[in-house]
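All figures in this text were calculated on a predicted structure; none of them were measured in a lab. Note on naming: letters A, B, ... go to the chains in the order of the sequence lines (proteins, then strands), and numbering restarts at 1 for each one.
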Number of protein chains: 2
Amino acid sequence: MIELRSLPELCIQRRRESACSTCGAREFSVCGSLAPGDLAELDAIAEHIGLQAGDPLVHEGDAATSLFNVTSGSMRIYKLLPDGRRQITGFLFTGDFIGLASGDTHAFSVEAIEDTSLCRFRKSEYRALARERPALESALLNRAAHELSAAQNQMLLLGRKTARERVATFLVDLPDRDPARPSVGGVVHLPMTRSEIADYLGLTIETVSRELTKLKTAGIVTLLSLHSLRVEQPERLRAIAEGVQERSALSA
Amino acid sequence: MIELRSLPELCIQRRRESACSTCGAREFSVCGSLAPGDLAELDAIAEHIGLQAGDPLVHEGDAATSLFNVTSGSMRIYKLLPDGRRQITGFLFTGDFIGLASGDTHAFSVEAIEDTSLCRFRKSEYRALARERPALESALLNRAAHELSAAQNQMLLLGRKTARERVATFLVDLPDRDPARPSVGGVVHLPMTRSEIADYLGLTIETVSRELTKLKTAGIVTLLSLHSLRVEQPERLRAIAEGVQERSALSA
DNA sequence: CGAGTCGTTGAAACACTTCAAGGCTTGTGG
DNA sequence: CCACAAGCCTTGAAGTGTTTCAACGACTCG
């Protein structure tokens, strides 16, 4: 029922002795300052999964028996209305958790955006381990706290920001989300489509496209390809994201 | 940094031997199935606080040294943009927690809507207790999970629902939020103003007022007073909330 | 090369906001 | 007890940011 995102600085990567025979994954990430003993036990109950772009992982209404940790790639988590309207509530990257909630069914769907690998923990085994190792539970609570804070920021965006502010906020925040692909020289990697960005920001694809074009025309960003751009004026982008209006320019 | 709301069914009320000498509060609520020993220890470190309508509890940017549990009344939790635009990210009622996050400053503000009483726990004391009593940490994680699920629902509302669907959703969900004031015969108590409802739903006060009027005209609700109404046709209200469009009526 | 998917751009439509006026309620002071 | 000011809410009319509808361009794949 819930999904917990990592903060890069809280993540430590632990390399396995050898690649998993099933899926080839070589590492998995856990959050917080876990002791080596905790890591070893966590490792012991992990099962590796590989997904191709577009593959579903969980579907709204599914029984929630497992807990997942993304080890590479990116995913979308979303909710649907009966008529098909979609709200993407988050993108998941390396280190993010999925499905920690206490309920017995998922209240959202999760699909792979690109080829993605994960670790799966059976919830029963995980809970048993968490009882023995309180640091695990504590680390998860920390993640939940950060995730809630991010959710509040997103509510502010969806409820009160203009289209331009939403797109700017998205470009400012995204680079910090994926620890596996740190931003270099202001280059932002966008694995998702315009449609996914739109459904994440509560806009249409046309509006996203138009606002990106305006940011480009204003010289604030340069579009390198459909899935990457470079931020040329980070301070202006940040100002727009925070709702600090610019007098002229960008109006048209 | 985070705020955790209770689910009524998870809350147990525990009556104190006598009223608190400072504020007069007689009970506080904790979540989950805590053992009597845990309750007693929690009780021992609790400090009682009373607020009047409008009083602030925490301000965005404040150092986060305490953790609060609402024992009566209602509060608003919100974030602001520099130009004053406000997004209320949640309303808090009896049993709800405030400030569980790990960070050292609050990322939101909290104010009392009506006269409200709370229990305060010093974070350091609480964490020490949680280390000894894992059930406490576990109960908080459950709360965080439910809160995250609610946040995802709100993102769906803010990003993809129409004004009418938002107001309908609000009226459907609100009665279940306050365990201290259960809904009887479809009567919904609204302690907050239209302005607060608007800032919660990402609308203006005029739009909220108009949509309430339309629901009244359609015979779906009856306005009893400014701060209470009765739902006459719950199934129609629920259908609207879920985005199931009605053919005719309600159009104007 | 044609089909399909995804993205961009323009024009028209519309849902919601903004601006404006008035009503209702509450509290205060003469 | 009434007058009056101050909030809060409702309602109407005009304005606008975003959506919807439509066409076209770019890229990928068989």
Side-chain angles (χ1 to χ4, degrees), chain A residues 52-54 76 81 83-87 113-114 157-168 170 190-218 221-229 240 243 245-246 250-252, chain B residues 53-54 76 81 83-87 113-114 157-170 190-218 221-229 240 243 245-246 250-252:
Chain A
Q52 296 189 319
R76 55 179 172 260
L81 288 173
D83 63 0
R85 279 175 284 174
R86 179 177 70 166
Q87 179 65 38
I113 292 177
E114 350 167 49
L157 178 149
L158 292 170
R160 286 298 177 227
K161 288 189 180 180
T162 66
R164 180 165 314 142
E165 290 162 1
R166 294 182 200 199
V167 173
F170 179 68
L190 307 164
M192 64 291 291
T193 65
R194 296 290 185 273
S195 171
E196 287 164 341
I197 297 174
D199 284 352
Y200 178 62
L201 298 178
L203 300 170
T204 60
I205 56 173
E206 293 94 332
T207 300
V208 171
S209 179
R210 278 187 254 265
E211 292 303 334
L212 282 175
T213 301
K214 285 179 198 166
L215 290 174
K216 182 188 72 179
T217 306
V221 305
T222 306
L223 304 182
L224 303 175
S225 75
L226 274 181
H227 292 291
S228 72
L229 57 79
I240 296 172
Q245 282 308 333
E246 306 212 345
L250 262 171
S251 324
Chain B
R76 54 179 172 261
L81 287 173
D83 63 0
R85 278 174 284 174
R86 179 177 70 166
Q87 179 64 38
I113 293 177
E114 347 167 53
L157 178 147
L158 293 170
R160 288 297 177 226
K161 287 189 181 180
T162 65
R164 179 165 314 143
E165 289 162 2
R166 294 182 200 199
V167 172
T169 303
F170 179 68
L190 306 164
M192 65 290 292
T193 65
R194 299 289 185 271
S195 171
E196 289 165 340
I197 297 174
D199 284 351
Y200 178 62
L201 299 179
L203 301 169
T204 60
I205 57 174
E206 293 94 332
T207 300
V208 170
S209 179
R210 278 187 254 266
E211 293 303 334
L212 282 174
T213 301
K214 285 179 197 166
L215 289 174
K216 181 189 70 178
T217 306
V221 305
T222 307
L223 303 182
L224 303 175
S225 75
L226 275 182
H227 292 291
S228 71
L229 56 80
I240 295 172
Q245 283 307 334
E246 305 212 346
L250 263 171
S251 323

- Contacted region of DNA chain D by chain A, from 5' end to 3' end of the hits, cut-off under 4.0 Å to heavy atoms, spans D:dT18 to D:dC21
- Task: Using side-chain contact (heavy atoms from CB on, under 4.5 Å) as the criterion, point out the one residue from B:Leu158, B:Leu81, B:Leu201 that pairs with B:Gln87.
- Result: B:Leu158
- Message: Rounded at 0.5 Å granularity, tell me how far NE2 in A:His227 sits from CD in A:Glu114.
- Response: 9.5 Å
- Query: Side chains of B:Leu212 and B:Phe170: closer than 4.5 Å at any heavy-atom pair?
  - Reply: no
- Message: When the axes are fitted on five pairs at both termini, how much does the helix from C:dC1-D:dG30 to C:dG30-D:dC1 curve, in 10° steps?
- Response: 30°
- Message: How would you summarise protein contacts on nucleotides 5-16 of chain C per nucleotide, using B for base, S for sugar-phosphate only and - for none, with heavy-atom distances below 4.0 Å?
- Response: --SBBBB----S
- Can you sort out the partners of A:Arg194 under salt bridge (Lys or Arg N to Asp or Glu O under 4.0 Å), two or more places apart, ordered by chain and number? none
- Quick one: list whatever passes salt bridge (Lys or Arg N to Asp or Glu O under 4.0 Å) with B:Glu206, sequence neighbours left out. none
Mind checking what makes side chain to side chain donor-acceptor pair (under 3.5 Å) contact with [X], not counting sequence neighbours?
| X | result |
| --- | --- |
| A:Ser209 | none |
| A:Arg210 | none |
| A:Thr193 | none |

- With sequence neighbours excluded, tell me which residues meet side-chain contact (heavy atoms from CB on, under 4.5 Å) with A:Thr217. A:Thr213
- Judged by atom type as modelled, is there a donor-acceptor pair below 3.5 Å linking the side chain of B:Arg160 to the main-chain atoms of A:Leu203? yes
